[in-house]
Amino acid sequence: MKHRARKRFGQNFLHDPVIVRRIIGAIDPKPGERLVEIGPGQGAITLPLLRACGTLHVIELDRDLVQPLADKARDIGQIVIHQQDALRFDFSGLGNQGGLRVVGNLPYNISTPLLFHLIDQSEYIQDMHFMLQKEVVDRLAAIPGGSDYGRLSVMIQYYCRVEPLFRVGPGAFRPAPKVESAFVRLIPHARPPVAATDIACLAMLVRQAFSQRRKTLRNSLKGLLTADEIAHTGTDPAARPETISLRQYVALADRLAANRQHAVEE
Ligand code: SAM
């Protein structure tokens, strides 16, 4: 029976062979590598990946897609289908020695939480290649000073090098999405270029700063740091969150972590 694309699963299936070739070329899969695809759907990139690697793990939420995919893959290689929500998937189970290569034309409706879920497990991951809404790729790669720069930029860049690769128009998918797409490579840093003493403090501070991005840091960080404490880290308390670099956010988070440590010791 023909599968009807489900909006709630963010299903826009790739059908353009030129784009599929570009994707596979960018990933450059090799036999023996440990690849995991999120959202294989009807197999547009799954089957070429399987041809190149011989084995492949895939995570697909829509159970109606599982059997047709298993049938298509049978004669090509060994596929392991995890019929699960990628947002809850434990990557450590597949990559306890690291080195996982995670790929996917991601469901756009959950791409931001999925990216946060993945960076939480970045120690197991060698690299990631994703098709995303172009606007999300712009935010991932954004530098301080522009309107694209935000929580996603700071937190992803803390963990990964971001390499936007190419744009893809809506016509490459069925049904065509309403937005432009882009393909991006994310490479987790072996060691973060600037390491925070407490990641939870960094995550909380960045979240709070960008929750009110029109306010100055002095106001948006109220309750976490005073204006004097902000100034002591070398950042102007009158600056706005979108002008602050990753390095400055880490300095602010370290100050917050030190305050909390101090409070525990008293
Ligand atoms: N890879 C296929 C392609 O390129 O044609 C399908 C891409 S489609 C944009 C997204 C896929 O992710 C769909 O197959 C959808 O069912 C699946 N999906 C949606 N939400 C998911 C989730 N939470 N966990 C795993 N897969 C999910």
Side-chain angles (χ1 to χ4, degrees), residues 1-27 29 35-53 56-73 76-77 79-95 100-121 125 128-137 140 165-186:
M1 201 173 69
K2 200 167 164 352
H3 181 84
R4 283 186 53 168
R6 295 192 165 115
K7 212 172 168 178
R8 74 174 188 283
F9 290 148
Q11 290 178 348
N12 300 95
F13 298 113
L14 249 181
H15 70 94
D16 182 335
V18 176
I19 301 297
V20 171
R21 267 200 298 282
R22 285 188 80 181
I23 290 173
I24 303 299
I27 300 170
L35 265 88
V36 188
E37 185 189 0
I38 298 175
Q42 298 175 321
I45 52 180
T46 319
L47 304 181
L49 287 175
L50 194 55
R51 252 174 230 119
C53 286
L56 182 67
H57 284 263
V58 300
I59 308 164
E60 174 56 64
L61 184 58
D62 185 348
R63 69 165 65 96
D64 291 350
L65 292 171
V66 169
Q67 194 53 49
L69 189 63
D71 293 342
K72 285 184 198 166
I76 302 177
I79 192 168
V80 182
I81 305 179
H82 304 265
Q83 198 261 303
Q84 270 183 53
D85 183 349
L87 283 171
R88 293 163 185 270
F89 193 79
D90 176 9
F91 288 85
S92 68
L94 297 182
L100 287 183
R101 305 195 68 201
V102 184
V103 306
N105 169 13
L106 296 186
Y108 294 172
N109 51 344
I110 57 159
S111 58
T112 301
L114 199 47
L115 288 167
F116 277 103
H117 180 63
L118 285 156
I119 58 170
D120 261 353
Q121 306 189 54
I125 299 174
M128 299 176 261
H129 288 83
F130 294 134
M131 182 79 75
L132 291 162
Q133 199 173 326
K134 181 189 163 288
E135 186 190 89
V136 174
V137 173
L140 291 174
L165 296 176
F166 50 87
R167 284 182 179 211
V168 180
F173 305 89
R174 267 196 211 115
K178 291 198 176 67
V179 292
E180 289 277 316
S181 302
F183 198 64
V184 66
R185 176 182 295 138
L186 304 173

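Residue numbers run from 1 in the order of the sequence given. In listed order, ligands and their atoms are each counted from 1.
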[X] neighbourhood, listing ligand 1 atoms whose heavy-atom distance to it stays under 4.0 Å:
X: Asn12; answer: 7 (C), 8 (S), 9 (C)
X: Asp62; answer: 16 (O)
X: Glu37; answer: 1 (N)
X: Ile59; answer: 25 (C), 26 (N)
X: Gln84; answer: 24 (N), 25 (C)

Under 4.0 Å, heavy-atom basis, I'd like to know which part of [X] is in contact with ligand 1: side chain, backbone, both or neither.
X: Thr46; result: neither
X: Arg6; result: neither
X: Ile110; result: side chain

Around [atom], find the nearest protein heavy atom and jot down its residue, atom name and distance.
atom: atom 23 (N) of ligand 1; value: Asp85 OD1, 2.8 Å
atom: atom 19 (C) of ligand 1; value: Phe9 O, 3.0 Å
atom: atom 24 (N) of ligand 1; value: Ala86 N, 2.8 Å
atom: atom 5 (O) of ligand 1; value: Leu14 N, 2.8 Å
atom: atom 3 (C) of ligand 1; value: Asn105 ND2, 3.4 Å
atom: atom 27 (C) of ligand 1; value: Leu61 CB, 3.7 Å
atom: atom 2 (C) of ligand 1; value: Pro40 O, 3.3 Å

- Could an N or O of ligand 1 be found under 3.5 Å from any N or O of Gly39, whether backbone or side chain?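 N/O-N/O distance below 3.5 Å exists for this pair.
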
- Item | Donor-acceptor pair, side chain of Gln42 and main chain of Leu65, under 3.5 angstrom |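 Judged by distance alone, no pair lies under 3.5 Å.
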
- Query: Looking only at atom types and distance, does a side-chain atom of Gln11 sit under 3.5 Å from a main-chain N or O of Arg6, one as donor and one as acceptor?
  - Reply: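 Yes; at least one donor-acceptor contact below 3.5 Å.
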
Could you list the donor-acceptor pairs under 3.5 angstrom formed by side chains in residues 168-185, with sequence neighbours left out?
| from | atom 1 | to | atom 2 | distance (Å) |
| --- | --- | --- | --- | --- |
| Arg174 | NH2 | His15 | ND1 | 3.4 |
| Ser181 | OG | Tyr108 | OH | 2.7 |
| Arg185 | NE | His129 | NE2 | 2.8 |
| Arg185 | NH1 | Glu163 | OE1 | 2.8 |
| Arg185 | NH2 | Ala26 | O | 3.0 |

- Task: Going by the side chain to side chain contact (heavy atoms under 4.5 Å, CB included) test, name the single residue among Val102, Leu118, Leu115 that passes it with Leu186.
- Result: Leu115

- Among the heavy atoms of Gln42, does any lie under 4.0 Å from an atom of ligand 1? no

- Run the contact test for His15 against ligand 1 with a 4.0 Å cut-off on heavy atoms, strictly below, and give the result.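 The answer is no: ligand 1 sits nowhere under 4.0 Å from a heavy atom of His15.
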
Considering all heavy atoms of both residues, which atom of [X] and which atom of [Y] are nearest to each other, and what is their separation?
X: Leu49; Y: Leu35; answer: CD2-CD2, 3.8 Å
X: Phe89; Y: Gln84; answer: CD1-OE1, 3.2 Å
X: Gly43; Y: Leu69; answer: CA-CD1, 3.7 Å
X: Asp62; Y: Glu60; answer: N-OE2, 2.9 Å
X: Pro48; Y: Val20; answer: CG-CG1, 4.0 Å
X: Leu132; Y: Ser111; answer: CD2-CB, 3.5 Å

- Nearest non-hydrogen contact to atom 8 (S) of ligand 1 from the set Pro107, Gly10, Gly104, Ser181 belongs to Gly10

- Note on the structure: Closest to atom 14 (O) of ligand 1 by heavy-atom distance, out of Glu60, Met131, Gln11, Arg174, is Glu60

- Task: Please indicate whether Arg51 has more than 12 foreign heavy atoms, meaning atoms of other residues, nucleotides or ligands, lying under 6.0 Å from its CZ.
- Result: yes

- Any side-chain heavy-atom pair from Asn105 and Ile23 closer than 4.5 angstrom? no

